[in-house]
Each structure stands twice: as structure tokens, then as C-alpha cells.
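Below you'll find the structure, written out as C-alpha cells, and then a few comments.
Both ligands and their constituent atoms are indexed starting at 1 by order of listing. Basis for what follows: all heavy atoms, side chains included, without hydrogens, waters or symmetry-related copies. All residue numbers refer to positions in the sequence shown, counting from 1.
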Amino acid sequence: MHNSFSEQNIGFSAKNKEKTDKNNQPESFLGQNSSTQDLLDKSHTKQSIKKKRILTGDRPSGKLHLGHYVGSLQNRVKMQNSHEQYVMIADLQSLTDESFKSENILEIMKDYISVGIDPEKTTFLLQSQINSLYELTFYYMNLVTLGRLERNPTIKEEILQKGYKDSIKAGFLCYPVSQSADITGIQADVVPAGKDQIPMIEQTNEIVRKFSQQYNSNCLREAEILLSDQPKLVGIDGKSKASKSLNNAIYLSDNEKTLREKVFSMYTDPDHIHVHQPGKIEGNVVFSYLDSFYEDKEHLSELKENYKKGGLGDIKIKQILFESLRAFLTPIQNIRLQLKDEDMISILKNGTYNANIEYEKTIQEVRKSIGIYSFD
Ligand code: TRP
């Protein structure tokens with residue numbers, strides 16, 4: 001599961017600089033200052049087989065952790081080679097549950113880049129800076145009923161979890177509509193996500209069908225969800241999945257001391273008191289992390305056998321896990337140390353600029369289909 005971090009190009013900032021400069025003069029994107037090389041590059045792109053387009057996104061509610069790595073980040077590192085990948089920082093969506101903190105945007109960008117999501121292959125975009133999303137969401141509001149929104153299983157679950165009871169905000173109830181705008185506006189074919197996002201994609205596709213029928217138009221496309229084949233990473237307390245709100249996650253940016261503390265406080269087998277006693281693997285957090293992060297699978301099966309038989313202590317397996325997580329995190333953190341805030345902002349700004357062009361194409365078609373008045 002490890003990435004070959006040694007192959008990673010950490011000299012992206014020089015290459016990206018070129019794009020950033022272009023971003024300050026957007027007209028160069030429109031071809032006025034095209035060099036021969038630019039033209040060659042463009043004709044090459046046209047000739048190549050069209051890759052499927054992916055949109056994924058995260059709310060900037062905190063730094064990313066190992067659960068995000070297992071569940072989505074490693075998949076994005078892979079998918080960027082076979083797909084046209086867009087990664088959205090969904091800051092508007094984080095307003096709907098009051099988890100919004102603008103300083104998290106930079107941290108998340110650093111998380112993305114340091115694990116190997118490559119800005120040369122992936123387009124990063126900031127939701128709030130895509131103007132057509134506000135407009136698209138407004139049009140879609142007329143294609144869903146309140147009842148349908150209230151029946152969305154993920155929303156129902158979140159209402160319970162967050163204890164909203166009778167004080168459900170309209171913005172919260174409608175965030176699936178805004179997410180539909182994210183997905184359809186970029187014309188995504190595929191949305192890689194966890195099971196909890198299935199209702200969001202269903203609702204998106206219902207909106208697409210309703211739009212097509214009501215306005216007799218085919219300018220929107222339905223998207224497909226691609227479920228992760230990795231089981232959710234458990235929290236260090238073993239109670240549920242790793243999550244920021246439960247304070248039971250190991251962050252990509254945790255230093256050695258914190259990592260050690262977290263690994264050594266992991267839930268194992270409460271009945272495994274003495275080294276010589278047989279221990280349980282099932283529900284043992286150390287082993288579920290080893291399953292995800294320990295590369296030598298053969299050695300891991302031996303360790304499990306020994307643990308089950310008795311004779312292998314918790315301290316020993318925790319030490320092994322600590323070492324392998326340290327080996328996994330160190331190269332990521334070394335890259336992170338080299339990342340400059342201003343480069344993160346340029347990458348995001350540049351990507352948002354490019355994504356805006358795509359969203360703009362959709363909104364033009366949508367306005368035409370609905371018959372929105374135009375002064376032009
Ligand atoms: N709902 C997603 C989450 O909570 C974030 C998100 C917003 C998203 N817009 C998206 C995911 C579009 C995929 C596609 O994590």
C-alpha cells in the first residue's frame with residue numbers, strides 16, 4: 001500500500017510557477033500568447049483518447065488523517081494517472097455544518113501534495129470561488145421537493161448525529177443540491193466516495209433526469225459512484241472509524257512524539273494481560289493498522305499467528321506498528337516541510353481558474369435550456 005515516495009516530483013513548484021504566471025494574465029490561457037510548444041501540447045491533448053472525468057471533494061473541516069489516506073487519498077494518487085481528476089475543497093459545504101475554518105484550506109492542500117496528488121495531473125479547486133455553483137444550485141432547488149430532501153438517508157443520519165432535531169437549517173438540508181451542482185457542473189463521469197455518499201449521487205442523478213425531462217435538454221450527465229474497496233480505518237480507540245470529531249485519528253502531520261503516544265494508547269485485546277496469553281486479532285486496532293500499513297504481508301501473518309498462540313506482547317506489536325507508520329509518514333512529512341504557503345495558493349488558484357472554465361460551459365448550456373433571459 002505504500003507509495004513510492006522516492007519517485008515523487010517535489011520540484012513541482014518551478015513547473016507550476018509557469019502556470020501561476022499565466023494565471024496572473026488569464027489571457028494567455030485563451031491563446032493570445034501561445035508558444036509553438038503550447039500549440040503542440042494542445043493538439044496532442046485533442047488527439048489523445050478522452051479520459052473519464054472524476055470529481056472528489058473534502059470539506060476543509062480539519063487536517064487529513066490516516067483514515068482519509070486509506071479511504072480516498074491513495075486512490076486519488078492512482079486515479080490521476082488514468083482519469084482526468086478534479087479535487088474540490090468544499091468550503092461552502094463546510095458552512096452548512098459550521099465546520100468551516102479557512103486556515104484549513106492550506107493545510108489540506110499540503111496534505112494532498114505531500115501524499116503525491118500531483119498538481120500537474122490533478123486539478124484542485126476551491127468551491128466558493130466557482131461562481132456558477134451558486135446559480136446552478138438555485139436552479140436545482142426548483143427540481144427537488146422538501147420531502148425528498150428530508151428522506152435523504154445521509155441527511156437523516158447527520159440530523160440525528162449532530163442533534164439538530166427541530167432546528168434544521170435550510171442550507172444544511174439543501175447541501176445535497178449544492179453537491180449536485182458541484183458534480184454536474186463539472187460534467188463528472190465518476191465520483192469516488194464512501195458508502196455514505198451513495199444518496200448524494202442518487203439525488204444528483206434524479207436532478208439530472210428531472211432537468212432533462214423538464215427542459216427537454218441533454219446538457220447534464222449522470223454520474224457514477226465508485227466505492228472504495230478499502231474497509232474504513234478504525235479509530236485508535238477501536239470504537240468506530242477514525243475521525244476528527246471523535247479525536248481518535250492519527251494525522252498525516254503528527255510528529256514522532258504524538259505518533260508514539262497514539263500508537264501506544266491503541267486499543268488491543270483487553271483480555272490479553274500477560275505476554276504468554278493467547279490474544280485476539282479481531283477488533284484489535286494495532287492489527288487493523290498493520291493490515292493497512294505493514295508491507296511484509298507474510299511476516300504479518302506470522303505475527304498474527306504468534307499473537308493468537310500467545311508469546312507476543314502488545315508492546316512488541318505496537319513498536320512494530322510505530323516503526324512502520326514512522327517509515328510511512330516520514331517521507332510525506334519531509335515533502336510537507338518543503339511546501340510553501342504561496343505555492344499552495346497558486347496551485348489552488350490556478351486549478352480553480354481552469355475548473356471555472358469548465359463550469360462556465362455548463363452554466364451557459366443550462367441557462368439556454370431553461371430559457372433564462374439574456375441581455376446579449
Ligand atoms: N460531501 C463530501 C464530504 O462530506 C464533500 C463533497 C462536496 C464532495 N462536494 C463534493 C464529494 C462533490 C464528491 C463530489 O466529504
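Considering backbone and side-chain atoms together, Q179 places an N or O closer than 3.5 Å to an N or O of ligand 1. Polar contact check, D182 against ligand 1: a nitrogen or oxygen pair lies under 3.5 Å apart. The shortest N or O to N or O distance between R59 and ligand 1 is under 3.5 Å.
Of the protein's non-hydrogen atoms, the one nearest atom 15 (O) of ligand 1 is G57 O, 3.9 Å. With hydrogens left out, the protein atom closest to atom 3 (C) of ligand 1 is Q93 OE1, 3.8 Å, a heavy atom.
The cationic group of R59 lies under 6.0 Å from the six-membered ring centre of Y175 and within 45° of the ring axis, placing it in a cation-pi geometry.
Checked for salt-bridge contact, K304 and D291 meet the test: a charged N lies under 4.0 Å from a carboxylate O. Look at R209 and E222 and you find a salt bridge, because one of the NZ, NE, NH1 or NH2 atoms lies within 4.0 Å of a carboxylate O, short of that distance.
One side chain, N152 or Q203, offers a donor N or O that lies under 3.5 Å from an acceptor on the other.
Heavy-atom contacts of V191 reach the following atoms of ligand 1: 13 (C), 14 (C) (cutoff under 4.0 Å). Close contacts between ligand 1 and A90 involve ligand atoms 7 (C) [criterion: under 4.0 Å to a heavy atom]. Residue L55 has at least one heavy-atom neighbour below 4.0 Å for each of these atoms of ligand 1: 12 (C), 14 (C).
In this structure, F211 and Y140 have perpendicular ring planes: the angle between them is above 60°, well past the 30° mark.
Residue contacts with ligand 1, taken as heavy atom pairs separated by less than 4.0 Å, involve Q197 solely via side-chain atoms from C-beta onward.
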Full working for ring-ring contact (aromatic ring centres under 6.0 Å, His included) between F287 and Y307: CA-CA 10 Å; F287 281 104; Y307 192 82; 5.0 Å; yes

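Hydrophobic side-chain contacts under 4.5 Å tie Y86 into a cluster, directly or through other members, with L55, M88, L125, I130, L133, I183, I186, V191, I198, I201, I225, L227, Y359.
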